[in-house]
S.K.: 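One structure coming up, written as structure tokens, with questions to follow.
Just so we're on the same page: letters track the sequence lines, and every chain starts at 1.
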Number of protein chains: 2
Amino acid sequence: MNPRTSTNPSNLNVLGLTEAPEHSDCRAVSTVLARVGDKWSVLVIMLLVDGTKRFNELKRMIGGISQRMLTLTLRGLERDGLVTRTVFPTIPPRVDYELTDLGRSLAEPVKALGMWAFDNMPDIQAARQHFDTKND
Amino acid sequence: MNPRTSTNPSNLNVLGLTEAPEHSDCRAVSTVLARVGDKWSVLVIMLLVDGTKRFNELKRMIGGISQRMLTLTLRGLERDGLVTRTVFPTIPPRVDYELTDLGRSLAEPVKALGMWAFDNMPDIQAARQHFDTKND
DNA sequence: CTGTATCCGACGTGATACTG
DNA sequence: CAGTATCACGTCGGATACAG
């Protein structure tokens, strides 16, 4: 995710939450969901749960991510205080990424969601197939 | 979300999961996260937890959603078997949307995530502000 | 009331090339 | 190794108009 868009006021406006201040919890939900819902953040978080990783190490483990997107994803996570970025000024350079306590605490509810997805995948796929064939 | 994109193979390809079949759980996580992460689905699910709602009722409660996006969101949720759509062939027409058991079960981990977001919002906002001012 | 159809701008993403 | 810069493309989402 582009860090610039995370706090973009328009993201809140379109949610209709600015004119409904009593739903401040919805704003919080939306921002975290924006992070969790983006294409790569969760994958990175899950990989970092097992310990500190280097840039290319993450890139290799994910497999399908571009250099650009991994950089953007890690910057976004760093900005939100979910991962720390440690640079070793060596040649060649080495950068370690590690989950913060906040990041580790996020991993818990995310794992719960992931387990739900895994458990209910058959139902969802069946529902999709049924829906799609019904509207051939 | 556009229902046509939910099962778009490219969504899986770019995740690098097609060439890593041993990470089948990651595929499941990704698809549910795509749904949870989209702009409106979670909001709709949360509103439907309290009971059956009509189209314009949802539209009014959300406030900032366009007719088009509410339709697309509801279609996506229906396709995944998370909500049911009941049409009353009256004049004027009336359509009720209700959470399925599957949808209600999804609400649980989503709520957990929402509570995490609410609880940690101060930390995240502080981290963002710190990050942004640091890189003025 | 509950949609569908169309247009259009904005953003996310990937590919590629380049840098320290 | 770990990025940054640039471009090109596709999709998402809003606005508007129209329909049953």
S.K.: Return a single string for nucleotides 15-20 of chain C, one symbol per nucleotide in 5' to 3' order, where B is base contact, S is sugar-phosphate-only contact and - is none, cutoff 4.0 angstrom on heavy atoms.
M.R.: B----B

S.K.: Report the distance from atom CD of B/E78 to atom OG1 of B/T84, rounding to the nearest 0.5 Å.
M.R.: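 Answer rounded to 0.5 Å: 8.0 Å.
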
S.K.: Could you check how far CH2 of B/W40 sits from P of D/dT11, rounded to whole Å?
M.R.: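 Rounded to the whole Å, the gap is 22 Å.
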
S.K.: Need to verify one output field. Residue with the more 5' nearest nucleotide on DNA chain C, B/T71 or B/R54?
M.R.: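 Between the two, 5'-proximity favours B/R54.
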
S.K.: Take atom CG of A/L74 and atom P of D/dG3, then tell me their distance rounded to the nearest Å.
M.R.: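 These atoms are roughly 8 Å apart.
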
S.K.: On a heavy-atom basis, which atom in A/L58 and which in A/L47 lie closest, and how many Å separate them?
M.R.: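 Closest heavy-atom pair between A/L58 and A/L47: CD2-CB, 4.1 Å.
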
S.K.: Any pair with a residue in residues 85-103 of chain B that passes salt bridge (Lys or Arg N to Asp or Glu O under 4.0 Å), sequence neighbours left out, goes on the list, sorted by first then second residue, please.
M.R.: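 Qualifying pairs, neighbours excluded: B/R94-B/D96, B/D101-B/R104.
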
S.K.: In whole Å, what is the span from the CG atom of A/D38 to the C1' atom of D/dC12?
M.R.: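 Rounded to the whole Å, the gap is 15 Å.
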
S.K.: Tell me: NZ of A/K39 to C1' of D/dC12, nearest whole Å?
M.R.: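 Interatomic distance, NZ of A/K39 to C1' of D/dC12: 13 Å.
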
S.K.: Where do A/L113 and B/P109 come nearest, in terms of heavy atoms and distance?
M.R.: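 That closest heavy-atom pairing would be CD1-CB, 3.7 Å.
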
S.K.: May I ask you to verify if any side-chain N or O of A/R75 is less than 4.0 angstrom from the OP1 or OP2 atom of D/dT4?
M.R.: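 Affirmative; the distance criterion is met.
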
S.K.: From CE of B/M69 over to C1' of D/dT11, roughly how many Å is that when rounded to an integer?
M.R.: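 Atom-to-atom, B/M69 to D/dT11, this comes out as 11 Å.
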
S.K.: Please check if the number of heavy atoms outside A/Q129 that lie under 6.0 Å from its CD is greater than 12.
M.R.: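 For A/Q129, atom CD is not crowded (no more than 12 foreign heavy atoms under 6.0 Å).
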
S.K.: Using a cut-off of 4.0 Å on non-hydrogen atoms, how would the nucleic acid contact of A/Y97 be classed: base, sugar-phosphate, or nothing?
M.R.: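 Answer is sugar-phosphate: A/Y97 comes under 4.0 Å of backbone atoms only.
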
S.K.: Between atom CZ of A/F55 and atom CZ of A/R60, what is the distance when rounded to the nearest 0.5 Å?
M.R.: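 Result: 11.5 Å between the selected atoms.
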
S.K.: Could you give the distance from CD1 (A/I45) to NZ (A/K111), rounded to the nearest 0.5 Å?
M.R.: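 With rounding to 0.5 Å, CD1 (A/I45) is 11.5 Å from NZ (A/K111).
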
S.K.: Grab the CG-C1' distance between A/L72 and D/dT4 for me, whole Å please.
M.R.: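 Rounded to whole Å, this separation is 10 Å.
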
S.K.: In whole angstrom, give the distance that lies between atom CG of B/L70 and atom P of C/dT2.
M.R.: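 It works out to 10 Å between those atoms.
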
S.K.: Expressed as a whole number of angstroms, how long is the span from A/R85:CZ to D/dC1:P?
M.R.: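 These atoms are roughly 16 Å apart.
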
